[in-house]
Amino acid sequence: MSTPTGFDELIHPATRLSVVALLATTEWADFAFIRDSLSLSDSALSKQLHTLEEAGYLEIHKEGGGRKRRTKVRLTDRGRTAFEGHVAALRAIVEGAGPTAATGPAATADDVPATAATGAAQRQQQRHAEAGR
(Lines give C-alpha, C1' and ligand atoms only; values in the text may rest on other atoms or scores of the structure.)
Protein backbone atom coordinates (compact mmCIF):
# COMPACT_ATOMS: atom_id res chain seq x y z
CA MET A 1 0.00 0.00 0.00
CA SER A 2 1.40 3.38 -0.91
CA THR A 3 1.19 6.41 1.34
CA PRO A 4 -1.66 8.71 0.25
CA THR A 5 -0.89 12.17 -1.03
CA GLY A 6 -0.93 14.69 1.78
CA PHE A 7 0.25 12.33 4.52
CA ASP A 8 2.60 14.44 6.64
CA GLU A 9 5.24 12.63 8.69
CA LEU A 10 5.94 15.79 10.68
CA ILE A 11 2.33 16.19 11.84
CA HIS A 12 1.58 12.48 12.27
CA PRO A 13 3.04 11.78 15.76
CA ALA A 14 0.16 11.84 18.23
CA THR A 15 1.30 14.85 20.24
CA ARG A 16 1.94 17.06 17.22
CA LEU A 17 -1.29 15.90 15.57
CA SER A 18 -3.18 16.81 18.74
CA VAL A 19 -1.54 20.26 18.86
CA VAL A 20 -2.32 20.99 15.22
CA ALA A 21 -5.89 19.66 15.51
CA LEU A 22 -6.48 21.91 18.51
CA LEU A 23 -5.03 24.95 16.74
CA ALA A 24 -7.11 24.24 13.63
CA THR A 25 -10.22 25.10 15.64
CA THR A 26 -9.14 28.62 16.59
CA GLU A 27 -7.30 31.68 15.36
CA TRP A 28 -4.89 32.00 18.34
CA ALA A 29 -4.47 29.87 21.46
CA ASP A 30 -2.58 30.56 24.68
CA PHE A 31 0.30 28.26 25.55
CA ALA A 32 -1.33 27.39 28.89
CA PHE A 33 -4.62 26.51 27.19
CA ILE A 34 -2.86 24.12 24.78
CA ARG A 35 -0.75 22.62 27.57
CA ASP A 36 -3.73 22.03 29.85
CA SER A 37 -6.04 20.81 27.08
CA LEU A 38 -3.54 18.19 25.95
CA SER A 39 -2.17 17.36 29.43
CA LEU A 40 1.42 18.12 28.44
CA SER A 41 4.30 19.51 30.44
CA ASP A 42 5.68 22.92 29.53
CA SER A 43 8.86 21.38 28.15
CA ALA A 44 7.07 18.72 26.09
CA LEU A 45 4.76 21.30 24.54
CA SER A 46 7.61 23.74 23.91
CA LYS A 47 9.55 21.07 22.04
CA GLN A 48 6.60 20.21 19.80
CA LEU A 49 5.79 23.86 19.13
CA HIS A 50 9.41 24.55 18.22
CA THR A 51 9.45 21.64 15.75
CA LEU A 52 6.22 22.82 14.11
CA GLU A 53 7.40 26.43 14.04
CA GLU A 54 10.67 25.45 12.32
CA ALA A 55 8.61 23.73 9.61
CA GLY A 56 6.62 26.93 9.09
CA TYR A 57 3.41 25.38 10.41
CA LEU A 58 3.04 27.67 13.45
CA GLU A 59 3.50 31.28 14.40
CA ILE A 60 4.42 31.96 18.02
CA HIS A 61 3.89 35.40 19.53
CA LYS A 62 5.22 36.34 22.99
CA GLU A 63 3.78 39.30 24.89
CA GLY A 64 4.93 40.97 28.10
CA GLY A 65 7.84 39.93 30.24
CA GLY A 66 8.78 38.20 33.46
CA ARG A 67 5.91 36.53 35.28
CA LYS A 68 3.41 38.35 33.05
CA ARG A 69 4.81 36.82 29.86
CA ARG A 70 2.11 35.33 27.65
CA THR A 71 2.73 33.06 24.67
CA LYS A 72 0.13 32.75 21.93
CA VAL A 73 0.25 30.26 19.07
CA ARG A 74 -1.57 29.95 15.75
CA LEU A 75 -1.43 27.79 12.66
CA THR A 76 0.02 29.45 9.59
CA ASP A 77 -1.68 29.01 6.23
CA ARG A 78 1.00 26.43 5.42
CA GLY A 79 0.26 24.57 8.67
CA ARG A 80 -3.48 24.61 8.07
CA THR A 81 -3.00 23.29 4.53
CA ALA A 82 -0.67 20.55 5.80
CA PHE A 83 -3.15 19.56 8.52
CA GLU A 84 -6.08 19.42 6.10
CA GLY A 85 -4.01 17.34 3.67
CA HIS A 86 -2.94 14.98 6.45
CA VAL A 87 -6.53 14.49 7.66
CA ALA A 88 -7.60 13.75 4.07
CA ALA A 89 -4.76 11.22 3.77
CA LEU A 90 -5.79 9.55 7.03
CA ARG A 91 -9.37 9.34 5.79
CA ALA A 92 -8.14 7.73 2.56
CA ILE A 93 -6.23 5.14 4.60
CA VAL A 94 -9.26 4.41 6.78
CA GLU A 95 -11.60 4.19 3.80
CA GLY A 96 -9.20 1.82 2.05
CA ALA A 97 -9.06 -0.47 5.07
CA GLY A 98 -12.78 -0.65 5.77
CA PRO A 99 -14.98 -3.64 4.93
CA THR A 100 -16.77 -1.69 2.22
CA ALA A 101 -13.46 -1.15 0.40
CA ALA A 102 -13.13 -4.85 -0.32
CA THR A 103 -16.71 -6.06 -0.61
CA GLY A 104 -19.24 -3.29 -0.89
CA PRO A 105 -20.01 -0.01 -2.60
CA ALA A 106 -17.69 2.94 -2.15
CA ALA A 107 -18.11 4.77 1.13
CA THR A 108 -19.16 8.38 1.14
CA ALA A 109 -17.73 11.06 3.41
CA ASP A 110 -20.86 10.72 5.58
CA ASP A 111 -20.13 7.01 6.09
CA VAL A 112 -16.61 7.57 7.43
CA PRO A 113 -16.28 8.06 11.18
CA ALA A 114 -14.41 11.15 12.34
CA THR A 115 -10.67 10.68 12.66
CA ALA A 116 -9.05 11.00 16.06
CA ALA A 117 -7.77 14.42 15.08
CA THR A 118 -11.19 15.61 13.98
CA GLY A 119 -12.80 14.19 17.12
CA ALA A 120 -10.20 15.92 19.30
CA ALA A 121 -10.81 19.18 17.48
CA GLN A 122 -14.58 18.87 17.95
CA ARG A 123 -14.20 18.09 21.67
CA GLN A 124 -11.84 21.04 22.03
CA GLN A 125 -14.30 23.39 20.33
CA GLN A 126 -16.97 22.23 22.77
CA ARG A 127 -14.70 22.85 25.80
CA HIS A 128 -13.66 26.22 24.44
CA ALA A 129 -17.28 27.23 23.89
CA GLU A 130 -18.22 26.10 27.40
CA ALA A 131 -15.31 28.02 28.91
CA GLY A 132 -16.52 31.20 27.19
CA ARG A 133 -19.97 31.08 28.80
Side-chain angles (χ1 to χ4, degrees):
M1 178 175 156
S2 64
T3 303
T5 302
F7 188 89
D8 192 311
E9 294 283 346
L10 184 73
I11 292 175
H12 191 66
T15 302
R16 284 194 288 253
L17 182 58
S18 296
V19 168
V20 175
L22 175 62
L23 291 172
T25 66
T26 187
E27 183 64 29
W28 287 92
D30 288 331
F31 181 94
F33 175 77
I34 300 167
R35 179 198 61 213
D36 296 345
S37 296
L38 302 177
S39 301
L40 296 171
S41 67
D42 286 356
S43 61
L45 178 56
S46 291
K47 180 179 177 182
Q48 300 307 324
L49 294 179
H50 180 71
T51 299
L52 291 163
E53 182 184 35
E54 281 187 333
Y57 289 179
L58 299 181
E59 179 182 342
I60 299 175
H61 180 72
K62 298 184 182 218
E63 301 171 339
R67 296 183 61 93
K68 300 280 186 181
R69 185 167 201 134
R70 186 171 174 184
T71 301
K72 296 172 76 175
V73 184
R74 77 170 187 94
L75 275 181
T76 61
D77 290 340
R78 179 179 180 180
R80 192 168 302 279
T81 298
F83 173 68
E84 290 168 357
H86 189 67
V87 169
L90 292 174
R91 284 191 175 127
I93 291 169
V94 170
E95 288 172 359
T100 58
T103 60
T108 65
D110 294 335
D111 296 332
V112 178
T115 65
T118 302
Q122 290 170 342
R123 287 189 301 278
Q124 198 55 43
Q125 281 180 320
Q126 179 67 26
R127 278 185 268 179
H128 189 61
E130 290 171 359
R133 290 184 199 159

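All heavy atoms count here, side chains included; hydrogens, waters and symmetry mates do not. Just so you know, these numbers come straight off a predicted model, no measurement behind them.
For the atom pair CG of L45 and OG of S37, the computed distance is 10.0 Å after rounding to the nearest 0.5 Å. Rounded to the nearest 0.5 angstrom, L90 CG and D8 CG are separated by 10.0 Å. Distance CG/L38 to CZ/R16: 13.5 Å, rounded to 0.5 Å. Between the CD atom in E63 and the CZ atom in R69 there is a gap of 10.0 Å [rounded to 0.5 Å]. How far CZ of F33 is from OG1 of T71: 15.5 Å, rounded to the nearest 0.5 Å. To the nearest 0.5 Å, atom CG of residue L52 and atom CG of residue L75 are 8.5 Å apart.
Ring geometry for F7 versus H86: interplanar angle of 30 to 60°, hence tilted.
Residues S41 and A44 come closest through the heavy atom pair OG-N, 3.1 Å. Nearest heavy atom pair, residue R80 against residue L23, reads NH2-O, 4.0 Å. Considering every non-hydrogen atom in both T76 and L58, the closest pair reads CG2-C, 3.6 Å.
When atom types are taken as modelled, the side chain of T51 and the backbone of K47 share a donor-acceptor pair closer than 3.5 angstrom. Of the possible polar contacts, one joining the R78 side chain to the A55 backbone as a donor-acceptor pair under 3.5 Å is found.
Applying the ring-ring contact (aromatic ring centres under 6.0 Å, His included) test to pairs two or more places apart or on separate chains, none has a residue in residues 41-73.
Each of R74, R70, R35 was evaluated against D30; a single residue qualifies, R70, per the salt bridge (charged side-chain N to carboxylate O under 4.0 Å, His left out) test.
Hydrophobic clustering (side-chain heavy atoms under 4.5 Å, transitive across Ile, Leu, Val, Met, Phe, Trp, Tyr) groups I60 together with L40.
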